Structure formats: C-alpha cells, structure tokens
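Each remark here refers to the structure printed beneath this line.
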Amino acid sequence: MIKIPERIERIMEELRGLYKLRVFEDKDPYRVLIRTILSQRTRDENTDQATLKLFNKYPDMEDVALAPQDKLEKLVKSAGFYRVKSKRIKEVSHILMDDYNGVVPDTMEELLKLPGVGRKTANCVLVYAFEKPAIPVDTHVHRISNRLGLVNSKEPDKTELELEKIIPKTYWIELNDLMVQFGQDICRPIGPKHEECPLAEICDYYQDILNQK
DNA sequence: AAAACGGGGGC
DNA sequence: GCCCCAGTTTT
C-alpha cells in the first residue's frame, strides 16, 4: 500500500499519459458559465449541441437575458432538464447585467449566489474561464477519488475538501478533466474496465473485488 | 434526506 | 423498451 503523495503522483502521471487536457476554445467567462450550467448531469455531445444552438441564436448575455423563455427551452432541449436550465441561464444573464455590470465574478462566494450555480459549476468557471486553481467535483471525480483511496467520503462537497488538502496545487486545474475522461473510458460507474486500467494495482476498489473472489 | 428536473445513448 | 447519466434547488 503506497503512501498518498506517491499515489497521487502515480495517478496523475498515468492520467496525463492517457488523456490530453481539453480546454474550452472559448474561455469567455460568460460562455463558460452558461455552458457549464447546461452541462449539469449531461453528456458532452448533448451539451455541445445545446450550447452551439443557443449562442448561434443569442450570442451575448443581453440576448439571453431578453430572449423569450420558450425559444430558450427549444434551443437547449438536447441538454436535458431544459425547462429549469433555460430559466436559470436567462435569470443568471439578467442578474449579471443588473447587479454585476455584465461581468462574471471570479470568486466562489459571488458565483454561488447565482441561480443554478453550485460548487461544481463555480469551480469549473474558476478553472476553465479564469484559470484559477480549483477542483470541480462531479460524480466522476467523486467516484474515482473514492475508488482509488484518495478520500473516504459519501458527499462530493466532502470529497472536494479532502482533495484540496492532499492534491498539490499544480494538479488542480487538470484533475477534473482528466478524471472525467478516465471515468467515461475506463473507471466507469458500472462495469469499469479493470483489465485495461493502468491503476488497477494501486486501486482499493479493484483489490476489494479480487479479495471477494 | 429525498424528490424533481429530461433528452439521448447503451444495451 | 428499460436504465443510467459532467448537479442544483425545492420540499
């Protein structure tokens, strides 16, 4: 059983070897924010399609703020949860115009005040728009961190706190994206591909499975 | 703590 | 056809 710091280094190096860090071609904070809200509980392809259609028709914050609700719903439909999401992006746009002078805030405290923005979304904006170190914890990061024995946590918020204590800051910006790719590809929620996994030998979850046989 | 929100893809 | 999924808010 290797120590945590070595374990982290091993994990991050393997993930770096397996995947490339994907960055939004459009780092505009407003667009990152809206795209991230649309991405909640939603796969990339569907998010991308919805985001594209939305900004094609309503390119700016003001356009979205003034757009009719039913038009927005139609445009973002493919992202799922489309009624609540369309309402939130419209409301967020309004609030940013009215209370923030059209500027997306770059602090956790202010971001959390916006409707539809929780810790995961706020951290995504901090990382992907402002390039500030933060660790967005979604279900992939939550699951993988627990399986690999980095944390022992039932809730994503607790996972985030624990990760922030043990992960060197140099890894923060890439951790979420690399783990998401790993989680879709190999360390899947159901039916993880242990045979293909380069981390199986240091994985608590896999070792438990071996021991049960 | 649990429910509600949802279209799209895997099988 | 059935089941699951890159969260957040409301009950």
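What you see is a predicted model, and the numbers here were worked out from it, not measured in a lab. All chains are named by letter (A, B, ...) in the order of the sequence lines, taking the proteins before the strands, and each is independently numbered beginning at 1. These numbers come from the heavy atoms of this one structure, side chains and all, not from hydrogens, waters or symmetry mates.
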- Message: For a quick check of understanding: with a heavy-atom distance under 4.0 Å over all strands, which category does A:P136 fall into, base, sugar-phosphate or nothing?
- Response: nothing
- Under 4.0 angstrom, heavy atoms only, what part of the nucleic acid is A:R22 near: base, sugar-phosphate, or nothing? base
- Contact check, side chains of A:L21 and A:R16, non-hydrogen atoms, under 4.5 Å: no
- Take atom CZ of A:R43 and atom P of C:dC5, then tell me their distance rounded to the nearest Å. 8 Å
- Are the side chains of A:M179 and A:R143 in touch, meaning some heavy atoms are under 4.5 Å apart? no
- Query: A:K90 side chain to A:A67 main-chain N or O, any donor-acceptor pair under 3.5 Å?
  - Reply: yes
- Query: Heavy-atom distance under 4.5 Å between the side chains of A:R35 and A:D48, does that happen here?
  - Reply: yes
- What is the distance from atom CD1 of A:I11 to atom CD1 of A:I202, rounded to the nearest 0.5 Å? 4.5 Å
- Query: Is a donor on one side and an acceptor on the other found under 3.5 Å between the side chain of A:K120 and the backbone of A:D138?
  - Reply: no
- Message: Between A:T42 (side chain only) and A:A79 (backbone N and O only), is there a donor and an acceptor less than 3.5 Å apart?
- Response: yes
- Query: Taking NZ, NE, NH1 and NH2 as the nitrogens, is one of them in A:R10 or A:E201 under 4.0 Å from a carboxylate oxygen of the other?
  - Reply: yes
- Which of residues 74-88 of chain A have a heavy atom under 4.0 Å from DNA chain B? A:K77, A:S78, A:A79, A:G80, A:F81, A:Y82, A:R83, A:V84
- Determine whether A:K132 and A:W172 make a side-chain contact, defined as any pair of heavy atoms from C-beta on separated by less than 4.5 Å. no
- Item | Terminal contacting nucleotides, 5' and 3', DNA chain B versus chain A (heavy atom, 4.0 Å) | B:dC5 to B:dG8
- Task: Give the rounded distance in Å between these two atoms: CD of A:E45 and P of C:dC5.
- Result: 15 Å
- Query: Using a cut-off of 4.0 Å on non-hydrogen atoms, how would the nucleic acid contact of A:T139 be classed: base, sugar-phosphate, or nothing?
  - Reply: sugar-phosphate
- Item | Gap between atom CD1 of A:I209 and atom CZ of A:R147 - 0.5 Å precision | 7.5 Å
- Does the side chain of A:F81 come within less than 4.5 Å of A:Q40's, by heavy atoms? no
- Note on the structure: Ordered by number, residues from residues 102-123 of chain A within less than 4.0 Å of DNA chain B (heavy atoms) are none
- Task: Rounded to the nearest angstrom, tell me the gap between atom CG in A:N46 and atom P in C:dG7.
- Result: 13 Å
- Query: Heavy-atom distance under 4.5 Å between the side chains of A:F130 and A:V32, does that happen here?
  - Reply: no
- Note on the structure: So CG of A:L114 and CD1 of A:I89: to nearest 0.5 Å the spacing works out to 13.5 Å
- Message: Show the nearest heavy-atom pair for residues A:P115 and A:I37, with the distance to one decimal.
- Response: O-CD1, 4.3 Å
- Task: Pick the P atom in C:dG1 and in B:dG6, then give their distance to the nearest Å.
- Result: 23 Å
- Other than A:I190, what residues sit in its cluster of Ile, Leu, Val, Met, Phe, Trp and Tyr side chains whose heavy atoms are under 4.5 Å apart, directly or through others? none
- Could you state the atom-to-atom distance from CD1 of A:I37 to P of C:dT9 in whole Å? 9 Å
- Message: Short of 4.0 Å, heavy atom to strand atom, which residues of residues 156-181 of chain A count as contacting DNA chain C?
- Response: A:V180
- Under a 3.5 Å cutoff on both atom distances, Watson-Crick or G-U, what's the dot-bracket for DNA chain B ([ ] crossing, | other strand)? |||||.|||||
- Message: Tell me the interatomic distance from A:E155, atom CD, to C:dG7, atom P, rounded to whole angstroms.
- Response: 16 Å
- Message: On a heavy-atom basis, which atom in A:L96 and which in A:P105 lie closest, and how many Å separate them?
- Response: CD2-CD, 3.8 Å
